[in-house]
Visitor: 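Quick one: the structure is below, and I'll ask about it shortly.
Positions are given from 1, in the same order as the sequence printed here.
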Amino acid sequence: MTTTPEGLPVAVIGAGPAGLAAAAHLTERGLLPLVLEAGPVAASAVREWAHVRLFSTWGELIDPAAEKLLAPTGWTRPDAATYPSGGDWAEQYLQPLADALGDRVRLGARVTGVSRTGRDRIVDADRERQPFVVHIAHAHGREERVFARAVIDASGTWSTPSPAGASGLPALGEEAAADRITYRVPDLQDPAVRARYAGRRTAVIGSGASAFTALASLAGLATADDGAGTKGVWVLRRGISGSTFGGGSADQLPARGALGLAAKAAVDEGHADAVTGFRTEAIERGTDGRLVLVGEDGRRLDPVDEVIVLTGLRPDLGFLGELRLGLDDRLQAPTGLAPLIDPNQHSCGTVYPHGHRELSHPEAGIYLVGMKSYGRAPTFLAMTGYEQVRSVAAALAGDLEAADRVELTLPETGVCGGAGLFDDPAAAQADAGGCCATPEPALVQLGVGKPVTAESADESPAGGCCGS
């Protein structure tokens, strides 16, 4: 059978925020989207962290093209200045948007492979004239293939969290200890989950916003009537400096800055001890069932009851193996985008807007957007994804002038020195370079809730590209 791209839909993988926004922009451009969602409902991944409050306001979480699509349905726009939870975002915006798209969204449709029709990744002949073929697995084992003129992969990274092991591989014993390890921020409002952590000692491995949220939640539990004895152990691969807790008051997203300050308060008030320069090599189970974290340097931490691993997320690239992707060797992000988001190169936490050119690959017509476009890099914002899909949809429609136009100004993080991915504990001192100056690292003693020189963590970088 011969199939040509003309008249075929654009396959959009994932019915999350970026995927649904992509469908809205494609619709606005007169192109036909086909959204393929692996979960049983739209925004399935977002619903898994329904209890977590976003640090972006409603005004920053609603895509303009999506809002136009929703307007005729009688949809009511939430207060732009308020902060929704993940559950609010899913129920009050993402689900109505999926409903408005109707049968252009297919649920329970897991993409298992993408290729060019009749061409594996080796074959050059007539390649770009062939449409994409997308293989789908449905419930109960049914398989299907659909053809597409282009593919927008907005499947995200939620399903593939990074392990506790500092090498990028699971620590020795990590899989065997799975019954006491979670890779998500726990919902401490759920009675069963709350009972799991109340009065217990929990290690939190990670240094980003999710780790801040977990530490603040555990601190809140420690002060509750039913949480006496709750203790956090914050495990960091580097030292503590002025940027460890985020941008604080210098962050142009106030709620994001407040997360870091809440984590700092958890340490300052003794609800969490911080262990710095610790790279987890093994997780051992004691005779009492508790877990002992063992570092690459031989250090052994005191036993903990639970471990929360929040070391980042990574993309699932397996089903794209027959396509010719151009990905950065380190971040697994598009090569045009990687220099803008690589914390080994990019000295400030702020990422500049970008579009179809930075997201393009050697294989024309395939785009990774949303969180998946960042590969293993952190600090992704929903509005970044909205700008990405606006540009990509314009490019697919042939409007390169609009596709190349920047229609977004992103808020600065107030953080320099990257985003905490420099694993060398001494690398915290490198924060003083680049565009901003930050304080010397403030080391934290084991068993002491407050940094030795805590006042240094109160200082925020100012001036240059970070602003204040």
Side-chain angles (χ1 to χ4, degrees), residues 3 5-48 50 58 61-78 84 86-112 114 131-140 142-156 158 365 367 369-370 372 382 385-397 399:
T3 306
E6 291 76 16
L8 292 176
V10 176
V12 180
I13 306 174
L20 293 173
H25 281 276
L26 291 168
T27 300
E28 187 175 55
R29 288 281 178 177
L31 300 176
L32 178 65
L34 175 60
V35 183
L36 303 169
E37 167 59 42
V41 292
S44 291
V46 174
R47 294 173 193 272
E48 291 191 28
W58 270 116
L61 294 169
I62 297 173
D63 175 79
E67 186 169 9
K68 291 179 185 177
L69 193 63
L70 284 165
T73 70
W75 175 75
T76 301
R77 194 181 200 274
D88 296 334
W89 200 19
E91 289 298 330
Q92 298 178 40
Y93 167 64
L94 297 172
Q95 185 62 56
L97 179 54
D99 293 341
L101 289 164
D103 59 8
R104 286 169 283 182
V105 178
R106 292 191 189 176
L107 303 174
R110 180 178 299 279
V111 173
T112 59
V114 182
F132 290 93
V133 58
V134 181
H135 282 214
I136 304 166
H138 295 275
H140 310 300
R142 184 172 72 87
E143 295 182 316
E144 180 188 8
R145 67 175 181 175
V146 298
F147 299 97
R149 61 182 295 176
V151 176
I152 299 175
D153 183 357
S155 59
W158 177 254
Y367 298 93
V369 302
K372 191 162 187 176
Y386 297 158
E387 173 67 1
Q388 288 177 342
V389 298
R390 181 205 63 79
S391 175
V392 167
L396 290 175
D399 188 351

Visitor: Going by heavy atoms in the side chains, are Ile62 and Arg77 under 4.5 Å from each other?
Guide: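 Contact flag for Ile62/Arg77 side chains = yes.
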Visitor: Would you check, one step at a time, whether the test side-chain contact (heavy atoms from CB on, under 4.5 Å) holds for Leu34 with Val134?
Guide: CA-CA 11 Å; Leu34 175 60; Val134 181; over 6 Å; no
Visitor: Identify the heavy atoms of Ala65 and Asp63 that sit nearest to each other, and give their distance.
Guide: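 Distance-wise, the nearest heavy atoms are N-OD2, 3.0 Å.
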Visitor: Quick check for you: to the nearest 0.5 Å, what is the distance between Thr76 atom OG1 and Leu70 atom CG?
Guide: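 It comes to 10.5 Å.
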Visitor: How close do Thr112 and Ala137 get, counting heavy atoms only, and between which atoms?
Guide: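 Of all heavy-atom pairs spanning Thr112 and Ala137, the closest is CG2-CB, 3.7 Å.
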Visitor: When you measure from the side chain of Tyr367 to the backbone N and O of Val389, does any donor-acceptor pair fall under 3.5 Å?
Guide: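 Not a single qualifying donor-acceptor pair exists.
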Visitor: Do Asp153 and Val114 have side-chain heavy atoms sitting under 4.5 Å apart?
Guide: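 No. Closest side-chain heavy atoms not under 4.5 Å.
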Visitor: Tell me if a side-chain donor or acceptor on Tyr386 pairs with a main-chain N or O of Leu61 at a distance below 3.5 Å.
Guide: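 Checking the backbone N and O of Leu61 against the side chain of Tyr386, a donor-acceptor pair under 3.5 Å is found.
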Visitor: For Leu31 versus Ala397, what's the shortest heavy-atom pair and its separation?
Guide: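 For Leu31 versus Ala397, the nearest heavy atoms are CD1-N, 3.9 Å.
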Visitor: Would you tabulate the side-chain donor-acceptor contacts of residues 12-24 under 3.5 Å, counting partners in other chains and residues two or more places apart, or write 'none'?
Guide:
none

Visitor: Which pair of heavy atoms, one from Gly39 and one from Ser44, lies closest together, and at what distance?
Guide: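 Here Gly39 and Ser44 meet closest at CA-OG, 3.3 Å.
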Visitor: Using modelled atom types only, decide if a donor and an acceptor are shared between the side chain of Gln388 and the backbone of Gly370 within a distance under 3.5 Å.
Guide: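 At least one qualifying donor-acceptor pair exists.
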Visitor: My understanding is that only residues two or more places apart in sequence, or in another chain, count here; which of them pass side-chain hydrogen bond (donor to acceptor under 3.5 Å, both in side chains) with Trp75?
Guide: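 For Trp75 there are no side-chain hydrogen bond (donor to acceptor under 3.5 Å, both in side chains) partners, ignoring immediate neighbours.
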Visitor: For a quick test of reading the model, state the closest non-hydrogen atom pair linking Pro40 to Leu107 and the distance between them.
Guide: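 Scanning both residues completely, I find the closest heavy atoms to be O-CD1, 3.4 Å.
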Visitor: Return the minimal non-hydrogen interatomic distance between Ala90 and Val46, and the atom names on each side.
Guide: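 Between these two residues, the closest heavy atoms are CB-CG1, 4.2 Å.
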Visitor: Enumerate, atom names and distances included, each donor-acceptor pair closer than 3.5 Å involving a side-chain atom of residues 94-106, sequence neighbours excluded.
Guide:
from, atom 1, to, atom 2, distance (Å)
Gln95, OE1, Arg47, NH2, 2.7
Gln95, NE2, Asp99, OD1, 2.9
Arg104, NE, Leu101, O, 3.0
Arg104, NH1, Thr27, OG1, 3.1
Arg106, NH1, Glu144, OE1, 3.4
Arg106, NH1, Glu144, OE2, 3.0

Visitor: Enter the distance from His25:NE2 to Lys68:NZ here, rounded to the nearest 0.5 Å.
Guide: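 Rounded to the nearest 0.5 Å, the NE2-NZ separation comes out at 8.5 Å.
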